[in-house]
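Step one of this worksheet: look at the structure below.
Convention: sequence-line order gives letters A, B, ...; per-chain numbering from 1. Because only heavy atoms are used, hydrogens play no part in the values below, and waters and symmetry mates are left out as well, while side chains stay in.
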4 protein chains.
Amino acid sequence: MVKNPAPDATRRSEKSRRAIYAAALALVGEIGYPRTTVEGIAARAGVGKQTIYRWWPAKADVLLEAFLDLGEQAARAAGQETPALPDTGDLAADLKAVLRATVDEFLDPRFDAPARALAAEGLVNEELGRRYVARLLEPQLQRYVDRLRAAREAGAVRPDVDPRIALELFVSPLAQRWLQHTGPISHDYTDTLVDYALYGLAPR
Amino acid sequence: MVKNPAPDATRRSEKSRRAIYAAALALVGEIGYPRTTVEGIAARAGVGKQTIYRWWPAKADVLLEAFLDLGEQAARAAGQETPALPDTGDLAADLKAVLRATVDEFLDPRFDAPARALAAEGLVNEELGRRYVARLLEPQLQRYVDRLRAAREAGAVRPDVDPRIALELFVSPLAQRWLQHTGPISHDYTDTLVDYALYGLAPR
Amino acid sequence: MVKNPAPDATRRSEKSRRAIYAAALALVGEIGYPRTTVEGIAARAGVGKQTIYRWWPAKADVLLEAFLDLGEQAARAAGQETPALPDTGDLAADLKAVLRATVDEFLDPRFDAPARALAAEGLVNEELGRRYVARLLEPQLQRYVDRLRAAREAGAVRPDVDPRIALELFVSPLAQRWLQHTGPISHDYTDTLVDYALYGLAPR
Amino acid sequence: MVKNPAPDATRRSEKSRRAIYAAALALVGEIGYPRTTVEGIAARAGVGKQTIYRWWPAKADVLLEAFLDLGEQAARAAGQETPALPDTGDLAADLKAVLRATVDEFLDPRFDAPARALAAEGLVNEELGRRYVARLLEPQLQRYVDRLRAAREAGAVRPDVDPRIALELFVSPLAQRWLQHTGPISHDYTDTLVDYALYGLAPR
DNA sequence: CAGTAATCGAGACGGTACGTCATGTCTTAGT
DNA sequence: ACTAAGACATGACGTACCGTCTCGATTACTG
C-alpha cells in the first residue's frame with residue numbers, strides 16, 4: 001500500500017488552490033458542513049475533482065487548510081504575526097478584554113460555521129482533531145499561558161499554579177457554551193468567568 | 001409538507017427496538033460512528049431498514065436514544081433515579097470524588113465512542129445538539145448546581161456566586177480535554193481543577 | 001411446504017370481493033398495470049392487504065378474476081350466456097360483423113387496459129398465461145370454430161380445412177395489431193382480412 | 001423537466017457495455033425477466049449500477065439493446081446485412097422454408113426468453129413497444145413484403161392484394177401461438193398456414 | 001342466544017430492489 | 001506535467017412494495 005508518487009508541488013496551480021479554499025468556505029457557510037461535498041467544492045471552484053484529491057486527503061483537510069489560510073490572510077491584512085495578549089499590568093482586565101473579543105468572534109457566522117464544522121470532525125477523527133488543536137487551538141492558548149506566566153512572576157497569580165491548567169478555568173467554559181449551546185455567551189458571562197477563576201468560589 | 005402518518009406506537013416491536021439499540025451501540029464502538037450505517041445497524045439487528053426509518057428520523061437519533069436507554073438501564077440496575085451528588089460537608093472532597101468517577105467513565109471506550117459521536121453530531125446539527133444537552137448533559141450538571149447551592153447556604157461558597165456558571169470552572173475544562181484531546185485527563189488533573197476553582201488563581 | 005389451511009369460502013365477504021375487483025380495474029385503467037400494487041388495491045378498496053393475499057396468490061390473479069367478473073356481469077346484463085356467432089348463411093358477412101365488434105372493443109380503453117395488462121403478464125408467467133387463454137381467449141375462439149364447422153358442412157369452406165387453424169388467419173392478425181401496435185385496426189382492415197382468408201392470396 | 005446533462009458517449013466504456021449486454025441476456029435466460037434486476041445485471045457484469053442508469057432509462061431498454069446487439073453480432077458473423085427472403089419462383093415453398101426457420105428460432109430458449117420478455121414489456125409500455133416493433137419486428141416483416149410484392153408482379157398473388165396485410169395471414173398466427181401458447185407450433189403448422197393463406201378457406 | 005372461531009381492516013414487520021448521490025480512482029483532452 | 005472534465009466501481013441513502021404476521025373488532029355459525 002504505497003502512496004501515489006508525490007505530486008510536484010512547484011507546478012501546483014495557485015489559482016486553483018485559492019478557488020478551492022473560497023469554494024469550501026462558502027459552501028460550509030451556505031449549506032453546512034455535512035452537505036458540503038468534494039464534488040460541490042470542485043464544481044463551485046471550477047476545478048476537477050482530481051485536483052482536490054491530489055493535494056488533500058479528505059474534505060476535512062481542505063476545510064482545515066482553508067480556514068487556516070483565512071486566519072493567515074486576516075493576520076497579514078492586520079499586519080502582524082500571532083499577537084501576544086496585552087499586558088497592562090491588570091490581569092483581570094486584560095483577560096476580560098481578550099475574552100470579549102473571542103465572544104464576538106464566536107458570534108460571527110463567518111467564523112462559527114467552519115470552526116464548528118472542523119471541531120465536530122475533530123471529535124470523531126482523532127488525527128484531524130490533533131491537527132486542529134495543534135494548528136488552531138494551541139497557538140491561541142499559548143498566549144494565555146504566556147500572560148499567566150508573566151502574571152505569576154508579577155505576583156498576581158499564586159506561584160504553584162500551572163498556567164496551562166489555569167487558563168482552562170475561563171477558556172473551556174466559554175468554548176463549551178459556544179460549541180454545545182449549553183448556555184448563552186456574552187461579555188458579562190466571560191467577565192464573570194474571569195472573576196470566579198481569579199478569586200475562587202470559596203469565601204476569601 | 002406534512003409528516004408521514006404517524007406510526008402506531010402501541011404496536012411497536014419491543015424486541016426490534018432493543019436489537020436496534022444494541023446493534024447501534026456495538027457498531028459505533030467497533031467501527032466508529034461515521035462508518036456506522038443505517039443499513040449496517042439494520043443488518044446487525046436482524047431488522048428491516050424501514051423499521052429504523054419508521055421510528056427515527058436519522059442515524060444520530062437512533063444512537064441518542066440507544067445511549068439514553070443504556071443510561072436508564074444502568075440506573076434501573078443500580079436501583080435508583082438520577083442520584084444526587086454526595087454531601088459530606090466537605091465540598092472540595094465531594095467534587096473531587098465525582099469528577100474522578102467522571103474521568104473513569106470518559107476513559108471507558110464503551111462510553112467514550114457513542115458519547116463522543118453524539119457530541120460531534122450535536123455540534124453541527126443544532127436540533128440534535130439541543131436534545132443531547134437537555135437529555136444527557138443538563139441532568140448531570142443539575143447535580144452540581146444543587147450541591148453548589150447547598151454549599152453556598154452552608155457558607156462554603158460565596159453568596160454572590162451563580163452555581164450554574166461556577167460548575168463550569170471544573171466541568172468544562174474536563175469536558176474539553178476529553179472531547180478535543182487538548183490534554184491528558186486524570187484524577188490529579190480534576191483534583192487540581194477543583195482546587196483552582198474553589199480558591200482562585202490569585203494569591204489569597 | 002404446505003399451504004395455509006384453506007380459508008372458509010362460505011364466510012367470505014362479498015362486499016370486499018367486489019370492492020377489490022372495482023379497485024383493481026380502476027387502478028389499472030388509471031395508472032397502468034405495472035404501477036398498480038397490491039397495497040394500492042387494498043387501500044382503494046378499503047380492505048386489509050391480507051384479505052387480498054388470503055384469496056388470490058398474486059396481483060395478476062386478482063386482475064384476471066376482476067376482468068372475468070366484468071365480462072360475466074356484462075353478459076348477465078345483456079341477459080344471455082356466451083353467445084354463438086350469428087349464422088345468416090353468409091360466412092363472410094358474419095365474420096366481418098363479429099370482427100367489427102371486436103375492433104370496437106379493442107378501441108375501448110375500459111377493455112384495453114386490463115386485457116392488455118393480463119396478456120402481457122401471461123406472456124411471461126406461463127401459468128397465468130394458460131389460464132388467461134383458457135378462461136378468456138379460447139371461449140371466444142370456440143365460437144369461430146363452431147361457425148366455421150357449420151360453414152364447412154354447408155360447403156362454404158373446403159372440407160379439409162381445420163377450423164381451429166383457419167380462424168387464426170383473421171383473428172391473429174387483428175390480435176397482433178392490437179397488442180403490439182404493428183398497424184392500425186379498423187373495420188376496413190378486418191373486412192380485408194376476411195376476404196383474404198376466405199379467397200386466398202393467389203389468383204383463383 | 002430537463003434531462004440530466006447527457007453523458008459523453010465518446011468516453012463510454014465499451015467493455016462495460018458488452019458485459020452488461022451479456023449479463024442481461026444471461027439473467028433473463030436463467031431466472032426470467034421479472035426476477036432479473038438492474039442490481040443483478042450490474043453485479044453479474046461487474047459494473048456499478050450507475051453505469052447502467054447513466055446509459056439506459058430502464059431495465060427493458062437494456063434488454064432491448066442487448067437483444068438487438070445479439071442480432072447484429074449474429075448478422076456480422078454471418079457476413080451480411082438483413083437478408084432478403086429467398087426467391088426460387090415458388091412462393092409457397094419459399095414462405096414455408098422461412099417460417100420453418102422461424103419456428104426453430106421460437107423453440108430455442110436463448111431466443112425465446114429475451115424476445116418474449118421484450119414483447120411482454122412492450123405490450124404495456126407503449127414507447128418501448130414501438131421501438132421493439134420498429135427495430136426488431138418490422139425489419140423482418142419487410143422481407144415478406146418484398147417477397148410478396150415480387151410474387152404479385154410475377155402473377156402468383158392477386159394484383160389487388162396489400163402485401164403488408166397479406167403477410168399477417170401466416171405470420172400473426174405463428175406469433176400468437178408462440179407468445180400466448182394458444183397452440184403448438186411446428187413445421188406442419190406453418191406449412192398449413194401458408195396453404196390456407198395462399199389458396200383460401202373457401203372452395204376454389 | 002350466548003360462545004367461539006374465522007374473517008375483516010389496519011398496519012408493523014423482515015426483506016429486496018429501486019433510482020440517486022457521493023466517494024475516491026482512472027482516463028482523456030487541452031494547455 | 002498538471003489541469004478540467006467526467007466515466008467508472010463501490011456502497012449507502014431513503015422509499016416503495018412485497019408477502020407474512022399480529023392485533024382488536026365484527027360477524028356469523030354452533031352448541
From the list F:dT3, F:dC18, F:dA9, which nucleotide is the closest neighbour of the side chain of C:V38? F:dC18
Send over the distance from B:I41 CD1 to E:dG14 C1', rounded to a whole Å. 16 Å
Nearest heavy atom decides the nucleotide; on that basis, is B:W55 or A:A58 closer to the 5' end of DNA chain E? B:W55
For DNA chain F, which residues in residues 8-37 of chain B have a heavy atom at a distance below 4.0 Å? B:R11, B:T37
In the structure I gave you, are the side-chain heavy atoms of C:L118 and C:E121 within less than 4.5 Å of one another anywhere? no
Without decimals, in angstroms, what is the distance between A:Y53 OH and E:dT27 C1'? 17 Å
Report the residue (D:G48 or C:K59) whose heavy-atom-nearest nucleotide on DNA chain F is the more 5′ of the two. D:G48
Given E:dC8, E:dC18, E:dC13, which nucleotide is nearest the side-chain atoms of C:R54? E:dC8
Tell me, do D:L70 and D:R110 make a side-chain contact under 4.5 Å, heavy atoms counted? no
Charged N-O contact under 4.0 Å between B:E30 and B:R44: yes
Spacing of C:D61 atom CG relative to F:dC18 atom P, expressed in whole Å: 14 Å
How is A:W56 classified with respect to the nucleic acid when contacts are heavy atoms under 4.0 Å: base, sugar-phosphate, or nothing? nothing
Counting side-chain heavy atoms from CB outward, which of E:dG24, E:dC18, F:dC18 is closest to D:E39? E:dC18
Out of the candidates C:R18, C:R12, C:R11, only one should pair with C:E14 under the salt bridge (Lys or Arg N to Asp or Glu O under 4.0 Å) rule; please name it. C:R18
At 10 degrees resolution, what angle do the end axes of the helix from E:dC1-F:dG31 to E:dT31-F:dA1 form when each is taken over five base pairs? 10°
Using the ring of A:W55 (Phe, Tyr or Trp, six-membered ring only), decide whether A:R17 places NZ or CZ under 6.0 Å from its centre and within 45 degrees of its axis. no
Report yes if the side chains of A:I20 and A:W56 come closer than 4.5 Å at any heavy-atom pair, otherwise no. yes
Can you confirm whether B:E127 sits close enough to B:N125 that some side-chain heavy atom of one is under 4.5 Å from a side-chain heavy atom of the other? yes
Is a donor-acceptor contact shorter than 3.5 angstrom present between the side chain of D:Q50 and the base of E:dC21? yes
Reckon D:G40 touches a base, only the sugar-phosphate, or nothing at all at heavy-atom distances under 4.0 Å? nothing
Could you state the CZ-P distance from A:R44 to F:dA5, rounded to the nearest angstrom? 15 Å
Tell me if a side-chain donor or acceptor on B:K59 pairs with a main-chain N or O of B:Y33 at a distance below 3.5 Å. yes
Is A:R135 atom CZ crowded by more than 12 heavy atoms from other residues, nucleotides or ligands, each under 6.0 Å away? no
Ignoring hydrogens and angles, are the base of E:dG19 and the side chain of D:K49 linked by a donor-acceptor pair under 3.5 Å? yes
